[in-house]
Amino acid sequence: MNNFQYKNPTKILFGKGQIENLSTEIPKNSKVLLLYGGGSIKKNGVYEQVTSALSNFEVIEFGGIPANPEYAVLMEALKVIKEKNITFLLAVGGGSVIDGTKFLSAAALFEGDTPWDILTKNIRSLNGMPFGAVLTLPATGSEMNSGAVITRAETQEKLAMGGPGLFPVFSVLDPEVVKSIPQRQIANGLADAFTHVLEQYMTYPVDAKIQDRFAESILQTLVEVAPTILNDTSDYEAASNFMWSCTMALNGLIQQGVPSDWAIHMMGHELTALFGIDHARTLAIIAESHYTYNLEDKKDKLAQYAERVWNVTEGTPEEKAVAGIKKTTEFFQSLGIKTKLSEYTEDYQGTAQQISKRFEERGWKGLGEHGKVSPSDVEKIVEMSY
Ligand code: NZQ
Ligand code: ZN
């Protein structure tokens with residue numbers, strides 16, 4: 001096991017009725033900016049619960065943060081924060097609203113002229129304006145981590161940011177919010193969380209038994225609850241297990257002391273930036289090719305995964321590894337997710353070269369757990385995903 005230091009300061013309020021506790025979690029006398037997305041919270045009762053819990057606070061609202069939170073929209077919110085002397089941010093939404101709020105938390109205290117530099121210059125946020133979250137869509141784990149991904153339509157870019165100052169102070173996880181989530185987003189949540197675990201697991205063995213078994217248990221839980229929650233979003237027990245699996249998949253716990261990869265996400269983000277494909281679906285497009293291309297390096301963990309998660313008992317380690325990749329693709333497909341780029345766009349020719357060129361220009365010369373997936377490897381992997 002590798003060395004690590006681990007601290008996660010986010011307080012979790014899990015379960016039915018927890019939204020009302022906002023009244024005591026937000027510091028007294030805060031001037032709150034309530035941030036939300038395209039309006040789903042106004043149709044499912046979440047907005048009423050939140051505003052009633054905030055009745056003793058001075059609250060200003062900012063809605064309209066789109067999926068894949070857009071820089072230009074967030075810059076409008078930043079103006080409100082400054083003009084109205086906001087002191088606390090409350091994100092009510094999925095990963096996009098929470099990520100957008102993290103950007104604002106960092107940008108509110110940023111001393112440079114152009115907050116976009118936080119993303120392009122890789123500036124780690126050691127401090128941020130305090131914020132909390134009411135999660136409405138299990139998927140990203142953003143509710144209990146300190147990372148965010150921001151999109152800029154103008155330049156077709158989608159870049160990551162983060163730092164220890166960007167953990168939510170608290171996050172409310174009420175599984176009842178799952179009831180109103182459309183099937184497409186449930187499938188996305190399952191696939192995104194599943195891939196988060198894979199990115200921190202499908203590397204090479206370092207004899208980290210606990211991390212491996214935590215990771216495998218999250219994968220098994222997602223596989224087990226997937227059909228139930230897809231079939232009936234009002235199943236509270238399935239929703240609870242789905243929600244907590246997604247949070248546990250990316251709150252930092254399973255990545256301590258083990259190598260991690262994240263190349264699938266780096267390539268996937270480009271597909272969202274170029275084609276607007278849902279984040280989770282881009283991962284399902286890239287995963288099989290990435291694991292097949294890097295089979296030699298990942299064989300041991302792939303075989304362990306095939307055995308422990310999918311009960312593959314026959315064959316050599318290499319045959320088990322290949323079977324594990326196939327099971328992964330079949331799992332995504334069982335969620336109704338297409339796994340080839342050509343199934344999303346007719347305009348895919350040249351994508352691999354374009355992405356590889358972008359990585360070259362950004363100096364992303366070696367991705368993956370060994371830091372050796374080069375732009376030319378990226379080109380081949382994306383091409384295999386057509
Ligand atoms: O905008 P509204 O109207 O709220 O509708 C949203 C949105 O259209 C809807 N929705 C959310 N909760 C709902 C609901 N509809 C009905 N009932 C509810 N309870 O779902 C749609 C998608 O929401 P979004 O927040 O975009 O989805 P998700 O949570 O999957 O977030 C995706 C974003 O997170 C980033 C992705 O790149 C993408 O930008 N990620 C963030 C990560 C992180 N911070 O750690 C890691 C991830 O790998 C990922 O990159
Ligand atoms: Zn993801």
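Read the numbers this way: they start at 1 and go in the same order the structure lists the ligands and their atoms. The model shown is predicted, which means the values in this text are computed figures rather than measured ones.
- No option in V92, I98, V97 other than V92 meets the side chain to side chain contact (heavy atoms under 4.5 Å, CB included) test with T136.
- Sorted by first and then second residue, the side-chain hydrogen bond (donor to acceptor under 3.5 Å, both in side chains) pairs involving residues 301-315 (not counting sequence neighbours) are Y201-Q304, D212-K301, D212-Q304, E216-Q304, E216-R308, Y305-W310, Y305-T328, E307-K320.
- Residues of the protein with a heavy atom under 4.0 Å from ligand 1 are G37, G38, G39, S40, N44, A67, N68, P69, G94, G95, S96, D99, T136, L137, A139, T140, S142, N145, G147, A148, V149, K158, V177, S180, I181, P182, Q185, D192, H196, L250, H265, H269, H279, listed by chain and number.
- Y36 and Y47 have perpendicular rings, their planes meeting at more than 60° on a 0 to 90° scale where under 30° would count as parallel.
- The shortest side-chain heavy-atom distance between I41 and V50 does not fall under the 4.5 Å cut-off.
- Pairs of residues two or more places apart, or lying in two chains, that qualify as salt bridge (charged side-chain N to carboxylate O under 4.0 Å, His left out) and include a residue from residues 134-153 are R152-E154.
- K16 forms a cation-pi arrangement with Y236, by the criterion of a distance under 6.0 Å to the ring centre and an angle within 45° of the ring axis.
- With contacts defined as side-chain heavy-atom distances shorter than 4.5 Å, the pair H265/I286 does not qualify.
- The number of protein N/O/S atoms found under 2.8 Å from the Zn ion (ligand 2) is 4.
- Note: F194 and F332 have perpendicular aromatic rings, judged against thresholds of 30 and 60 degrees for the angle between ring planes.
- Two residues are said to be in side-chain contact when any heavy atoms from C-beta on lie closer than 4.5 Å; T151 and E157 fail this criterion.
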